[in-house]
S.K.: 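Here it is, the structure, as structure tokens.
So that the names make sense, note that chain A is the first sequence line, chain B the second, and so on, each numbered from 1.
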2 protein chains.
Amino acid sequence: MSLAHKDVTAGEALPPAPDHAGCTRVAPILQRIGDKWSILIVMVLGGGPRRFNELKRQIGGISQRMLTLSLRGLERDGLVTRTVTPSIPPRVDYALTELGDSLRAPMQAIGMWADTHYETIQAARANFDRRAEAE
Amino acid sequence: MSLAHKDVTAGEALPPAPDHAGCTRVAPILQRIGDKWSILIVMVLGGGPRRFNELKRQIGGISQRMLTLSLRGLERDGLVTRTVTPSIPPRVDYALTELGDSLRAPMQAIGMWADTHYETIQAARANFDRRAEAE
DNA sequence: CCGCATCCCTAAGGATACTG
DNA sequence: CAGTATCCTTAGGGATGCGG
């Protein structure tokens, strides 16, 4: 793990390039929320607290195993709270913390980007695959 | 795969919640760039074109296998160009496309977020693990 | 220098069945 | 309802060695 910050002399042509710090720190976080389900969960919880099976239904296609694990991860990172009401049947509510809520804005920036360029990317893929198939 | 857009009546308490569309479309894209290396590559290429081993060195800790695969993925999605100069020894340059470059902005939004809340998240994890260990 | 092919091991993740 | 536990299959990813 290095990501050398010195030695920027190698190449510096086209763009402004105002990054260079906090790159390696971003990766682990992006992976945390870049997994198959976490963003979906955050998105749904952005609409207010949800119960376990409510989440499961609204997300669609997730197993309870993965929902549990994903929620645990988000809870662990302080993005989501888990509130148990020990009634019968038991009731558990999940909600975004302030931290989790603050993630929604940058997330939507990516969302916008993805939505804007979705077709372009699909086209690029199709194109790439087509000429790859033609050897 | 559903993510029902209707039936928002279930819960709508705390936040403004201006999302609800393009959620399922975001996930695959986030996974594409949320893998272990892609963002790092995009970040480094943000500083200008790089050769293969140049990238490898600057990223640090990546195997050439994964670098190749990641670059192929990025190329396939039209985020990166691959330019071969058939000299001896051969020379291959990678650079961001306009599309790839446009990704840097939203990416840095997440980067900022991650950097800002890094400590908080670490603390939350430590806290969670501590009380989990205490059963 | 670039990168494909191979081997191999681990983690991710789905399906199902069972508990408080 | 809200999980936990188990099984099993696949994808991710490192190490190494060869080839243009």
Side-chain angles (χ1 to χ4, degrees), chain A residues 1-2 10-11 24 27-41 44-45 49-77 80-95 128 132-133 135, chain B residues 1-2 10-11 24 27-28 30-41 44-45 49-77 80-95 128 132 135:
Chain A
M1 303 295 165
S2 69
T24 46
I29 305 249
L30 246 194
Q31 285 193 77
R32 163 94 277 291
I33 57 184
D35 71 48
K36 208 173 175 183
W37 303 110
S38 293
I39 344 90
L40 278 329
I41 295 176
V44 171
L45 287 182
R50 294 285 189 278
R51 301 180 57 174
F52 187 86
N53 280 332
E54 220 169 349
L55 273 172
K56 185 156 165 19
R57 273 191 302 275
Q58 291 197 16
I59 290 173
I62 189 174
S63 60
Q64 60 300 46
R65 173 184 148 79
M66 286 320 294
L67 182 53
T68 303
L69 288 178
S70 301
L71 284 168
R72 282 287 182 282
L74 292 170
E75 191 194 357
R76 182 170 113 103
D77 287 355
V80 156
T81 57
R82 177 171 181 273
T83 314
V84 182
T85 310
S87 53
I88 300 181
R91 176 196 179 94
V92 182
D93 286 276
Y94 293 92
F128 184 92
E133 206 160 341
E135 267 95 331
Chain B
M1 305 295 163
S2 69
T24 46
L30 246 193
Q31 285 193 78
R32 165 94 277 291
I33 57 184
D35 70 49
K36 207 173 179 186
W37 304 109
S38 293
I39 344 89
L40 278 328
I41 296 175
V44 171
L45 287 182
R50 293 286 188 277
R51 301 181 56 176
F52 186 86
N53 280 331
E54 221 170 349
L55 273 170
K56 184 157 164 20
R57 274 191 303 274
Q58 290 196 16
I59 290 173
I62 190 174
S63 59
Q64 59 301 48
R65 173 183 148 79
M66 286 321 293
L67 182 53
T68 303
L69 287 178
S70 301
L71 283 169
R72 281 287 181 283
L74 293 170
E75 191 193 356
R76 183 169 111 103
D77 287 356
V80 157
T81 57
R82 178 173 182 271
T83 314
V84 182
T85 310
S87 53
I88 299 181
R91 174 197 180 95
V92 182
D93 287 276
Y94 293 93
F128 184 92
E135 267 96 331

S.K.: To the nearest 0.5 Å, tell me how far Leu40(A) CG sits from Leu45(A) CG.
M.R.: 11.0 Å

S.K.: Check the distance between dC1(D)'s P and Arg82(A)'s CZ and give it to me in whole angstrom.
M.R.: 16 Å

S.K.: Can you see which heavy atom on Arg50(A) is nearest to which on Leu55(A), and at what distance?
M.R.: CB-CG, 3.7 Å

S.K.: How long is the line joining CZ of Phe52(A) and P of dC1(D), in whole Å?
M.R.: 11 Å

S.K.: Provide, to the nearest angstrom, the distance between the CD atom belonging to Gln64(B) and the C1' atom belonging to dT16(D).
M.R.: 9 Å

S.K.: Search all heavy atoms of Phe52(B) against all heavy atoms of Leu67(B) and return the closest pair with its distance.
M.R.: O-CD2, 3.6 Å

S.K.: Between Asp35(B) and Arg32(B), is any pair of side-chain heavy atoms under 4.5 Å apart?
M.R.: yes

S.K.: Round to the nearest Å and state the distance from Asp93(A) atom CG to dA2(D) atom P.
M.R.: 8 Å

S.K.: According to salt bridge (Lys or Arg N to Asp or Glu O under 4.0 Å), who are the partners of Arg91(B), at least two apart in sequence or on a separate chain?
M.R.: Asp93(B)

S.K.: Pick the closest DNA chain D nucleotide for Asp35(B) and for Arg72(A) by heavy atoms, then say which residue is nearer the 5' end.
M.R.: Arg72(A)

S.K.: Below 4.0 angstrom from OP1 or OP2 of dA2(D), is there any side-chain N or O of Arg91(A)?
M.R.: no

S.K.: Take Asn53(A) and Met66(B), find for each the nucleotide of DNA chain D with the closest heavy atom, and name the residue whose nucleotide sits nearer the 5' end.
M.R.: Asn53(A)

S.K.: Could you check Gln31(B) against Pro89(A) and say which one's nearest nucleotide on DNA chain C is further toward the 5' end?
M.R.: Gln31(B)

S.K.: Determine: side-chain N/O of Tyr94(A) to OP1/OP2 of dG3(D), distance under 4.0 Å, yes or no.
M.R.: yes

S.K.: At less than 4.0 Å, is any side-chain N or O atom of Arg65(A) found next to OP1 or OP2 of dC7(D)? Yes or no.
M.R.: no

S.K.: How long is the line joining CG of Leu71(A) and P of dT4(D), in whole Å?
M.R.: 11 Å

S.K.: When the distance from CZ of Arg57(A) to C1' of dA2(D) is rounded to whole Å, what number comes out?
M.R.: 12 Å

S.K.: Please name the pair of heavy atoms, one in Leu30(A) and one in Leu30(B), separated by the smallest distance, quoted to 0.1 Å.
M.R.: CD2-CD2, 3.9 Å

S.K.: Reading DNA chain C in the 5' to 3' direction, which nucleotide is the first one with an atom under 4.0 Å from a heavy atom of chain B, and which is the last?
M.R.: dC1(C) to dT6(C)

S.K.: Starting from C1' on dG13(D), measure out to NZ on Lys56(B) and report it in whole angstrom.
M.R.: 13 Å

S.K.: Which pairs would a plain distance check flag for residues 68-76 of chain B, meaning a side-chain donor or acceptor within less than 3.5 Å of a matching protein atom at least two apart in sequence or in another chain?
M.R.:
unit_1	atom_1	unit_2	atom_2	d
Thr68(B)	OG1	Gln64(B)	O	2.8
Ser70(B)	OG	Met66(B)	O	2.7
Arg76(B)	NH1	Asp129(A)	OD1	2.8
Arg76(B)	NH1	Asp129(A)	OD2	2.5

S.K.: Would you say a side-chain N or O of Lys36(B) is under 4.0 Å from OP1 or OP2 of dG14(D)?
M.R.: yes

S.K.: Ile62(B) CD1 to dG13(D) C1': how many Å, rounded?
M.R.: 10 Å

